[in-house]
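All remarks here apply to the structure that follows.
Both counts, for ligands and for their atoms, begin at 1 and track the order of listing. The structure displayed is predicted, hence computed values, not measured ones.
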Amino acid sequence: MARVIGDTCISCGSCAAQCPVDAIKQGDSHYEINPDTCIDCGSCEAQCPVGAISQA
Ligand code: SF4
Ligand code: SF4
């Protein structure tokens, strides 16, 4: 399981700074989570100011 980032992401970068396994990178239109690296800890979801992160 992994968290996913939706289209409402405003690319603020807060989640990437919070991720303990460095699974979040800036993508073409918004930030993206690598599902192979994500350990589903939830830190990024709590950090997101626009609620763009949810469970896959
Ligand atoms: Fe990183 Fe945790 Fe978010 Fe997965 S759920 S992307 S491990 S902060
Ligand atoms: Fe996008 Fe939310 Fe991450 Fe900011 S914290 S880059 S708005 S997903």
Could you pull out the closest heavy-atom pair between [X] and [Y], with the gap in Å?
X     : Y     : answer
Cys44 : Ile33 : SG-CD1, 4.3 Å
Tyr31 : Ile24 : CD2-CG2, 3.8 Å
Asp40 : Arg3  : OD1-NH1, 2.7 Å
Asp7  : His30 : OD1-NE2, 3.5 Å
Ala56 : Val4  : CB-CG1, 3.8 Å
Ala23 : Cys38 : CB-N, 3.8 Å

Show me the side-chain donor-acceptor pairs of residues 15-22 shorter than 3.5 Å, one per line, residues at least two apart or across chains.
residue : atom : partner : partner atom : Å
Asp22   : OD1  : Lys25   : NZ           : 3.4
Asp22   : OD2  : Lys25   : NZ           : 3.1

Any idea which atoms of ligand 1 are less than 4.0 Å away from a heavy-atom of Pro20?
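Checking each atom against Pro20, I get 8 (S).
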Exercise. Please could you name the atoms of ligand 2 that Pro49 approaches to less than 4.0 Å, counting only its heavy atoms?
Key: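 Ligand 2 atoms under the 4.0 Å threshold to Pro49: 5 (S).
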Exercise. Quick one: give me the number of protein N/O/S atoms under 2.8 Å from atom 4 (Fe) of ligand 1.
Key: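 Protein heteroatoms (N, O, S) closer than 2.8 Å to atom 4 (Fe) of ligand 1 number 1.
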- Can you measure from CD (Gln26) to CD (Glu32) and round to the nearest 0.5 angstrom?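 CD of Glu32 is found 9.5 Å from CD of Gln26.
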Beyond-backbone contact of Cys12 with Pro49, side-chain heavy atoms, under 4.5 angstrom =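 Yes, their side chains come closer than 4.5 Å.
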Which protein N, O or S atoms lie under 2.8 Å from atom 1 (Fe) of ligand 2?
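Within the sphere that stays under 2.8 Å of atom 1 (Fe) of ligand 2, the protein atoms of type N, O or S are Cys9 SG.
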* To do: Could you list the residues that satisfy side-chain hydrogen bond (donor to acceptor under 3.5 Å, both in side chains) with Thr37, not counting sequence neighbours?
  =>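 Once residues adjacent in sequence are excluded, the partners of Thr37 under the side-chain hydrogen bond (donor to acceptor under 3.5 Å, both in side chains) criterion are Asn34.
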